[in-house]
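Below: the structure, in structure tokens.
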Amino acid sequence: MMLRGQMMEMPLLISDLLVHAETWHADSEIVSRTVEGPIHRYTYRDLGKRSRQLANALKSLEIKMGDCVGTLAWNGYRHLELYYAVSGSGAICHTVNPRLFPEQISYIINHAEDQALFFDLSFLPVVEQIASELTSVRHFVLMTDRANMPKDSSIPNLRCYEDLVNSHSDQLDWPEFDEKTASSLCYTSGTTGHPKGVLYSHRSTVLHAFASSLPDSLDISAQSAVMPVVPMFHVSGWGLPYSCVMNGAKLVLPGPKMDGVNLYELIEEEGVTMAAGVPTIWMMLLQHCQRNHLKIHSLKRVVIGGSAAPESMVDQLAEHGAEVRQLWGMTELSPCGTTSTPKFKHNGCDIATLRHLQGKQGRPIYGVKIRIVDDENQPLPHDGKAFGNLQVKGSWVLSQYFRRELDDNHTADGWFNTGDVVNIDTDGYMKITDRTKDVIKSGGEWISSIDLENILVGHPAVAEAAAIGIIHPKWDERPLMVVVLKEGMSATRDELIGFYEGKIAKWWTPDDVAFVDELPHTATGKLQKMKLREQFSSYKW
Ligand code: AMP
């Protein structure tokens, strides 16, 4: 007979992370570079108080449990207050990526049926552009103070964040509800077609915060000063806005300025011990240090994810005394899945062995199961040689996309297909060898190759076009178009690049065009991107 354990049950709620930090780490600091310019400083005590004021303000705006509230914002204290006030109230904090182009932003906000939209000053122009298309949004709130509100704006009833917060009391008991309640929402734009939403729960978010804080994961503690350079609109900022609050770590939020000069200044002045972000960011920081003969002093660890960390970057950061830990994750995983942390047996190993490990995407964090399968879904050995499709399972892995019925991403036995092709060694270290998806990743952001191709084949002289990502020293990858021209027709590189103008976000524009006589195809007529990438493997920008 089953005998039930006799322990208390406490729902895992996001508001509890904040109550804990406010009570036991009240004077730990949160430092933000603001959009308006100056550095803002306050503590977990202030974050708690203002989040309760904001939660009362949300009530006054008739935001109810289960409603989505959109944000278009950088990493800063007001965004953090929204993370806690919205989710803590039982509503859904929907972080929207402002780097998407306006049509995608509108689609995402309308699909989520956001009831309110909070946005930083930087995004006022884009919100003014799309406001009339946002059918569900009842309240537009500009995340600034009265002094910085625009004199006039085309947005009707534009509200001021500081007025809203300051006009409400901080008296509030966070509501208690089922831990499986939805807490936050993030859309991926990694595939073709419309972006897909991943709906996280309080339970998945708190479990992810526990697991990602572990010493072998991101190693977050009350002794850390953490700088999330990964934007808070990307997969909940890799969970750092939760794990840092859970542990009472000092938080350093870089706001809109994620360039080498500003990051260096913040690291040095705030004594940052750990920072996390995509490789592009570290490239800019290292170049700034090199050009100006600067040494980074406090940084002990840099967590790099989103794209592979080049070995030269690992070497250079080591010279500054910072250990690189690679993180593999996805929006669909909240996002942490694996980290490349060495084991006890690697203590004292030579530098080549260490670099070999750091070059891998890492071994699974407890709570995430990983395996590789062949095209018939048959499991493959974990011998570090066999490579196949990476599948994952776990308490912070999505079970289905938001408001979508059809799903070919899950197997019948409940594994999620990641779209990454990898090998896994006997210690669990996973290495990405390719992507089944052909999107291009530039500075941590996806560019859809199919979209680029579809546009270019619209040019009268183009017979066929393929977009591939080519390694780029700053942006990790940039798009190169490989083009077959129609017989008897001609077009120049500049003409084809100019053809994209006004059709896509500027940063999606391909960097170059290569003309070929034919493209490689499979027997069923599909483009063989892998072959094409091989063909252009020695291409240099
Ligand atoms: P996203 O959902 O935008 O975070 O993108 C997830 C995808 O980014 C993964 O499926 C991988 O293809 C890629 N990715 C994430 N982390 C890494 C990493 N450390 N190295 C290489 N690729 C990565």
Side-chain angles (χ1 to χ4, degrees), residues 95-97 99-100 104 108 184-192 195-200 208 212 217-218 228-240 276-282 302-311 313-314 324-341 357-365 368 370 372 387-392 396-398 401-402 409 415-424 429-449 469 471-472 475-477 529-530 533:
T95 51
V96 184
N97 185 344
R99 292 193 183 130
L100 298 175
Q104 280 180 315
I108 288 173
S184 34
L185 175 64
C186 185
Y187 281 70
T188 68
S189 54
T191 46
T192 51
K196 294 188 276 190
V198 182
L199 188 63
Y200 311 103
H208 180 266
S212 59
S217 309
L218 274 68
V229 189
V230 46
M232 285 165 71
F233 53 75
H234 261 187
V235 212
S236 306
W238 293 354
L240 289 164
V278 297
T280 310
I281 296 294
W282 311 120
V302 174
V303 176
I304 301 184
S307 295
E311 195 171 326
M313 183 176 286
V314 180
V324 165
R325 203 170 269 191
Q326 199 160 165
L327 172 103
W328 171 88
M330 298 179 78
T331 309
E332 287 86 340
L333 268 94
S334 310
C336 301
T338 66
T339 51
S340 66
T341 317
L357 279 180
Q358 288 169 310
K360 297 193 175 204
Q361 276 63 38
R363 57 190 165 82
I365 300 170
V368 175
I370 65 171
I372 41 175
F387 62 90
N389 302 313
L390 175 66
Q391 297 184 334
V392 296
W396 54 87
V397 178
L398 99 160
Y401 287 102
F402 184 49
N409 295 93
W415 289 83
F416 171 71
N417 276 313
T418 64
D420 287 324
V421 178
V422 312
N423 62 49
I424 302 175
Y429 290 93
M430 180 267 281
K431 167 107 183 150
I432 297 189
T433 58
D434 210 330
R435 284 186 199 139
T436 43
K437 11 180 205 205
D438 289 316
V439 287
I440 297 154
K441 215 160 186 193
S442 168
E445 303 278 349
W446 290 119
I447 296 176
S448 161
S449 55
I471 292 177
H472 187 279
W475 301 109
D476 305 325
E477 279 184 350
K529 287 277 180 81
M530 240 158 99
R533 278 194 288 263

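Atoms within a ligand are numbered from 1 in the order they appear, just like the ligands themselves.
- Listed by number with element, the atoms of ligand 1 under 4.0 angstrom from any heavy atom of Met330 are 2 (O), 4 (O), 6 (C), 9 (C), 10 (O).
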Ser340 vs Leu357, test: side-chain contact (heavy atoms from CB on, under 4.5 Å). Steps then yes/no. CA-CA 6 Å; Ser340 66; Leu357 279 180; 5.7 Å; no
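- Residues passing the side chain to side chain donor-acceptor pair (under 3.5 Å) test with Thr339 are Thr341, sequence neighbours excluded.
- Side-chain contact annotation: Glu445 with Asn97, donor-acceptor N/O pair under 3.5 Å present.
- Proximity to Thr331 (heavy-atom distance under 4.0 Å) selects the following atoms of ligand 1: 1 (P), 2 (O), 3 (O), 4 (O).
- Against a heavy-atom cut-off of under 4.0 Å, Gln326 is close to the following atoms of ligand 1: 18 (C), 19 (N), 20 (N).
- For the pair Ala308 and ligand 1, the shortest N or O to N or O distance falls below 3.5 Å.
- Here Met330 contributes atom CE and Asp420 contributes atom CG; the two are 6.0 Å apart, rounded to the nearest 0.5 Å.
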Working note: Lys441 + Asp476, criterion side-chain contact (heavy atoms from CB on, under 4.5 Å); need CA distance, chi angles, decisive distance, verdict. CA-CA 7 Å; Lys441 215 160 186 193; Asp476 305 325; 5.8 Å; no
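- Here's the thing with Thr418: none of its N/O atoms is less than 3.5 angstrom from an N/O atom of ligand 1.
- Proximity to Ile432 (heavy-atom distance under 4.0 Å) selects the following atoms of ligand 1: 21 (C), 22 (N), 23 (C).
- Every atom of ligand 1 is numbered from 1 in the order shown, and the set under 4.0 Å from a heavy atom of Lys441 is 3 (O), 5 (O), 7 (C), 8 (O), 13 (C).
- Using a 4.0 Å heavy-atom cutoff, Gly419 is absent from the residues neighbouring ligand 1.
- Under the salt bridge (Lys or Arg N to Asp or Glu O under 4.0 Å) criterion, Lys529 pairs with Glu453, not counting sequence neighbours.
- Once rounded to the nearest 0.5 Å, the distance linking CG of Leu185 with OH of Tyr200 reads 8.0 Å.
- The residue Pro335 has no part lying near ligand 1, judged by heavy-atom distances below 4.0 Å.
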